[in-house]
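First comes the structure, then the notes that go with it.
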Amino acid sequence: MFGLSNPQRFMAFTGPLTPVLWGLAALLLGVGAWLSFSVPADYQQGDTVRIMFVHVPAAVWGLGAYAALGVSSFFALVFRHALADAAARAAALPGAAFTALALFTGSLWGQPMWGTWWVWDARLTSVLVLFLFYLGYMALRASIDDEQKAGRAAAVLGLVGLINLPIVKFSVDWWNTLHQPASFLTPGSSGLDPVYLAPFLTMLAAYGALFAALWLTAIRTEIRRRRVMTLRARQAQEA
Amino acid sequence: MLDLDMTPYAAFVWPAWGVSALVLAALTARAVVASRKWKRELARLEADPTPEAADTNRPQVARSAIGPKERPQAAQGAVGPKE
Amino acid sequence: MSRRDLDQEPRPPGLRGATRVLLERELDLAWGGGGGPLLACGFFACLTAILPLAAGGDPRTLGPVAGGVAWLALALASLLSLERLFERDMEDGGLDLLALGHLSLEQVVLIKALAQWVAVGLPLALTAPVAALALGLPASLTPLVALTALIGGAGFAFTGALGAALALGAKRGGLLIAVVVLPLFIPPVVFGAGALERAGSDQPVGPALALLCAYVLFAAVIAPFAGAAAVRNAQG
């Protein structure tokens with residue numbers, strides 16, 4: 001992995017990889033969508049079960065993106081590597097967008113089930129808190145003018161956030177045991193009918209491929225951007 | 001095989017999928033556009049390392065863009081010491 | 001000053017002395033300038049008064065949320081004065097001196113956080129039971145409110161100090177600190193308010209208290225190191 005920390009080697013390695021990921025994402029999304037709508041409706045949830053196929057993958061990869069952000073932050077802090085900093089920054093927006101999608105689709109999934117647009121159950125609340133973690137990270141990064149300082153401060157927060165996330169998740173789960181949620185029908189708590197596995201796993205893989213493509217593309221863009229900035233600075237000096 | 005009749009849940013399923021598609025498409029578009037933009041810029045800078053005339057805000061560049069015809073000092077040299 | 005004083009070499013303060021000096025200085029700064037600890041209490045009181053004004057004074061509505069609202073107010077009031085925790089020293093160069101002094105930057109962050117706890121957390125821990133009573137919490141729970149507020153206040157102080165260090169040199173420090181730090185405040189609020197809830201329904205509060213203490217210890221370990229890294233970043 002450390003061989004990739006060299007920007008040139010990273011670019012060379014990800015050059016052919018990224019289009020493959022894009023293609024894979026497109027393929028899996030297409031197949032997943034088709035599967036999601038050809039599978040029969042659930043006898044309990046009706047057609048709303050199809051929302052699960054966009055809700056859970058978004059939530060899972062929203063979390064995965066944060067893990068990527070946190071781990072990148074760790075490497076950025078400990079090894080002071082610019083590539084790691086670029087990786088952390090690149091994961092933030094896609095991750096936050098996925099998490100927001102999870103919240104939105106979760107709300108739509110819940111309305112027909114629970115009759116309200118939001119339910120404070122453990123899972124949705126955890127996703128909301130994850131979203132807040134993203135907001136804090138992005139706000140911090142945006143509020144510091146010096147790019148290097150912003151990167152380091154954000155790396156500290158990213159790492160602290162990653163360490164805190166299990167704790168916050170635990171506290172939300174613990175909190176949930178105190179207050180029985182208004183409804184006991186938590187989607188997905190009853191075992192998943194095996195007929196839904198195919199669309200679910202396909203969409204899960206699709207979102208994963210898409211995140212990977214988005215993330216790598218953003219890192220590559222960031223590497224180029226920094227190179228441009230360096231070249232421009234050099235030119236301004238020589239002029 | 002594709003059963004697209006979502007009643008009575010159509011108002012929930014379609015927005016969920018629709019907004020998801022929109023957001024993912026927007027993310028993709030943003031990533032691709034940014035990537036191309038900086039790739040182009042980098043290629044431009046690496047191919048032509050001299051200060052670009054496009055950067056006309058800088059007086060040094062503007063001066064060299066004027067050329068000898070409009071600059072009397074250069075014109076003097078072109079005319080020759082006799083005159 | 002007599003000749004004898006001038007002849008004697010001043011002894012270096014040593015770790016304990018340096019700690020005490022910094023702690024006293026921080027408390028002076030926190031409590032000086034009008035009101036002292038009462039300012040945080042005043043803010044807390046305002047929040048407590050606004051709830052019934054916003055939601056109606058019916059004890060049947062207020063009672064169930066009394067503990068929770070008290071904790072919400074605690075979290076918000078703990079955000080006060082965080083912005084200036086490092087910023088003042090950064091502006092007048094005191095932070096550089098502290099960094100060069102006897103204490104490591106990690107120790108400085110720790111002491112500043114402790115001072116924050118004493119300056120803000122302690123007064124709030126005394127005010128919280130009164131506020132909870134006013135909102136309709138049963139009187140038997142007031143000692144628990146004070147205890148959990150005291151412990152939770154330490155958690156808020158440590159995590160808050162970390163947030164203040166991260167936001168050093170950033171724009172809109174106060175709001176930024178809040179956005180960064182409030183998600184991290186969730187565990188102590190959940191455990192603290194949860195303890196009150198448990199006690200209210202005659203269940204054991206031990207686990208909740210233990211979790212609260214665990215969080216505080218965790219924050220006490222992380223905040224000095226992460227905070228020092230953040231301060232160094234902002235300085236350099």
Side-chain angles (χ1 to χ4, degrees), chain A residues 66 70 73-74 76-78 80 85 92 96 99 120 122 125-180, chain C residues 64 67-68 155 158-159 162-163 165-198 200-201 203 207-208 210-212 214-215 217-219 221-223 225-236:
Chain A
Y66 197 80
S73 297
F74 171 75
L77 271 178
V78 171
R80 290 179 170 260
D85 179 56
T99 310
W120 291 100
T125 311
S126 300
V127 176
L128 177 61
V129 171
L130 178 64
F131 187 64
L132 295 177
F133 270 57
Y134 272 114
L135 286 185
Y137 179 86
M138 295 193 294
L140 181 65
R141 222 185 169 122
S143 299
I144 301 181
D145 285 326
D146 185 315
E147 254 196 49
Q148 276 224 349
K149 289 193 179 178
R152 285 218 91 211
V156 174
L157 182 60
L159 189 56
V160 168
L162 186 67
I163 300 174
N164 266 282
L165 203 59
I167 297 174
V168 177
K169 174 76 168 73
F170 172 79
S171 71
V172 171
D173 286 340
W174 186 88
W175 159 83
N176 200 47
T177 62
L178 278 183
H179 313 261
Q180 283 307 313
Chain C
F158 286 118
T159 307
L162 169 58
L166 282 171
L168 255 187
K171 298 178 280 207
R172 308 169 73 184
L175 270 179
L176 180 65
I177 297 178
V179 171
V180 163
V181 144
L182 280 174
L184 299 173
F185 276 7
I186 287 177
V189 169
V190 163
F191 298 138
L196 294 179
E197 183 107 10
R198 286 265 152 100
S201 47
Q203 286 173 313
L211 288 167
L212 186 61
Y215 174 82
L217 286 171
F218 172 76
V221 167
I222 290 209
F225 292 102
V231 169
R232 278 189 203 105
N233 176 45
Q235 281 179 314

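Proteins come first, then strands; the chains are lettered A, B, ... in the order of their sequence lines, and each starts at number 1. All values below were derived from every heavy atom in this structure, side-chain atoms included, with hydrogens, water molecules and symmetry-related copies excluded.
Looking at Leu211(C), only its side chain comes within 4.5 Å of chain A, counting heavy atoms on both sides. For Trp175(A), the parts sitting under 4.5 Å from any heavy atom of chain C are the backbone and the side chain alike. In this structure, chain A has a heavy atom under 4.5 Å from the side chain of Leu162(C), while its backbone stays farther away. Contact of Phe218(C) with chain A is made through the side chain alone, with heavy-atom distances under 4.5 Å.
Side-chain N or O atoms of Asn164(A) include none that pairs as donor or acceptor with a backbone N or O of Leu184(C) at under 3.5 Å.
Within 6.0 Å of atom CZ in Arg232(C), more than 12 heavy atoms from other residues, nucleotides or ligands are found, so the atom counts as buried in its surroundings.
Counting heavy-atom pairs closer than 4.5 Å to chain A, the top-ranked of the candidates Ile177(C), Ile186(C), Leu182(C), Leu176(C) is Leu176(C). Contacts with chain C were tallied for Ile144(A), Leu165(A), Leu140(A), Leu132(A); Leu140(A) has the most, counting heavy-atom pairs under 4.5 Å. With chain A as the partner, the residue from Ala234(C), Gly169(C), Ala167(C), Ala229(C) showing the most heavy-atom pairs under 4.5 Å is Ala234(C). Between chain A and the options Gly227(C), Ala230(C), Gly194(C), the largest number of non-hydrogen pairs under 4.5 Å is found for Gly194(C).
Within the 4.5 Å cutoff, the side chain of Val156(A) has heavy atoms near those of the Leu166(C) side chain. The shortest distance between side-chain heavy atoms of Lys171(C) and Asp145(A) falls below 4.5 Å. Between Ile163(A) and Ile222(C), the closest side-chain pair of non-hydrogen atoms falls below 4.5 Å.
In terms of the side chain to side chain donor-acceptor pair (under 3.5 Å) criterion, residue partners of Lys169(A) (sequence neighbours excluded) are, by chain and number, Asp173(A). Val127(A) is linked by a side chain to side chain contact (heavy atoms under 4.5 Å, CB included) to Ala59(A), Thr99(A), Ala102(A), Leu103(A), counting only residues two or more places apart in sequence or in another chain.
When all heavy atoms of Gln235(C) and Lys149(A) are compared, the closest pair comes out as O-NZ, 4.1 Å. When all heavy atoms are compared, the tightest approach of Val179(C) to Gly136(A) is CG1-CA, 3.8 Å. Considering all non-hydrogen atoms of both residues, Val168(A) and Pro183(C) come closest at CG2-O, 4.1 Å. Between Asn233(C) and Gln148(A), the shortest heavy-atom contact is OD1-O, 4.4 Å.
Below 30°, between 30° and 60°, or above 60°: for Phe191(C) and Phe170(A) the angle between ring planes is between 30° and 60°, a tilted geometry.
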